[in-house]
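Values below: every heavy atom of this structure, side chains too, minus hydrogens, waters and symmetry copies.
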Amino acid sequence: PLLVRSATLALRLHPRPWPKSLLCDAAALDSFEHTQAGRTDQATETWLAAVDVASREGDHLNAARAALELARLERSRRHPQTALTWLDNARSQAEFASDAALLAVISLELGHVQSARQRWSLARRAWSEARQRAREIDRHDIAFDALLQLWRLARAQAEPHRFRVIDAT
């Protein structure tokens, strides 16, 4: 929290409008601050504004990042249908930006949303896709997270034999 507070203060000293490279970072700091204070509506407004600015400027990468964060917020607020809408938006923007790592993270989040909806086969499919995408670009952190979710799902469904943990490479 101290690091976030310091970064937030530093950004507030920087004159607005912030450069495109700082758009989502600034929104993330503001959103984190609002969420920690229990102001999820304000956190949502922060991300909506980031999506709006990025979309207006044709910044597909930041639009995708902001839409992904809106999906995460909606999932945490138990609004899975709205989260799915934001994930579709994020996927479209990330595809346009050709960001393979972000597409893997979006698939990972899709798995979380489907799991929250208790759509186990869709969750499994999304996490498998995230793992595959991550492995293609050597993002082992994302691949490991996807494999972990697959393992947890298999364990919860008492089917640990369906996934081999040693296949984490």
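- Nearest heavy atom pair, residue T35 against residue A43, reads OG1-CB, 3.6 Å.
- Residues satisfying the side chain to side chain contact (heavy atoms under 4.5 Å, CB included) criterion with Q42, sequence neighbours excluded, are H34, R39.
- How far CG of N89 is from CG of L70: 8.5 Å, rounded to the nearest 0.5 Å.
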Name each donor-acceptor pair under 3.5 Å that joins a side chain in residues 77-84 to protein atoms two or more places apart or in another chain, with its distance.
from	atom 1	to	atom 2	distance (Å)
R77	NH1	T44	OG1	2.9
R77	NH2	D41	OD1	2.7
H79	ND1	E74	OE1	2.9

Return all side-chain donor-acceptor pairs below 3.5 angstrom for residues 91-110, not counting sequence neighbours, or 'none' if the list is empty.
from	atom 1	to	atom 2	distance (Å)
R91	NH1	E129	OE2	3.0
S92	OG	D88	O	3.1
Q93	OE1	H60	ND1	2.6
D99	OD1	A101	N	3.2
D99	OD1	L102	N	2.8
S107	OG	L103	O	3.2
S107	OG	E129	OE2	2.9
E109	OE1	R75	NH2	3.1
E109	OE2	R75	NE	2.5
E109	OE2	R75	NH2	3.4

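- Among all heavy-atom pairs drawn from R131 and L147, the shortest one is NE-CD1, 3.8 Å.
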_side chain to side chain contact (heavy atoms under 4.5 Å, CB included), that's the test. Do V51 and W86 meet it? Break it down for me._
CA-CA 10 Å; V51 166; W86 282 114; 4.2 Å; yes
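- Pairs passing the ring-ring contact (aromatic ring centres under 6.0 Å, His included) check and including a residue from residues 98-134, sequence neighbours excluded, read H112-W127.
- The side chain to side chain donor-acceptor pair (under 3.5 Å) check on D145 picks up Q149, with sequence neighbours excluded.
- Counting only distance, with no hydrogens or angles, the side chain of S55 and the backbone of D52 share no donor-acceptor pair below 3.5 Å.
- Rounded to the nearest 0.5 Å, atoms OG1 (T46) and CD (E69) are 12.0 Å apart.
- Here the CD atom belonging to Q36 is positioned 10.0 Å from the OG atom belonging to S31, to the nearest 0.5 angstrom.
- Remark: E136 engages Q132 in a side chain to side chain donor-acceptor pair (under 3.5 Å) (not counting sequence neighbours).
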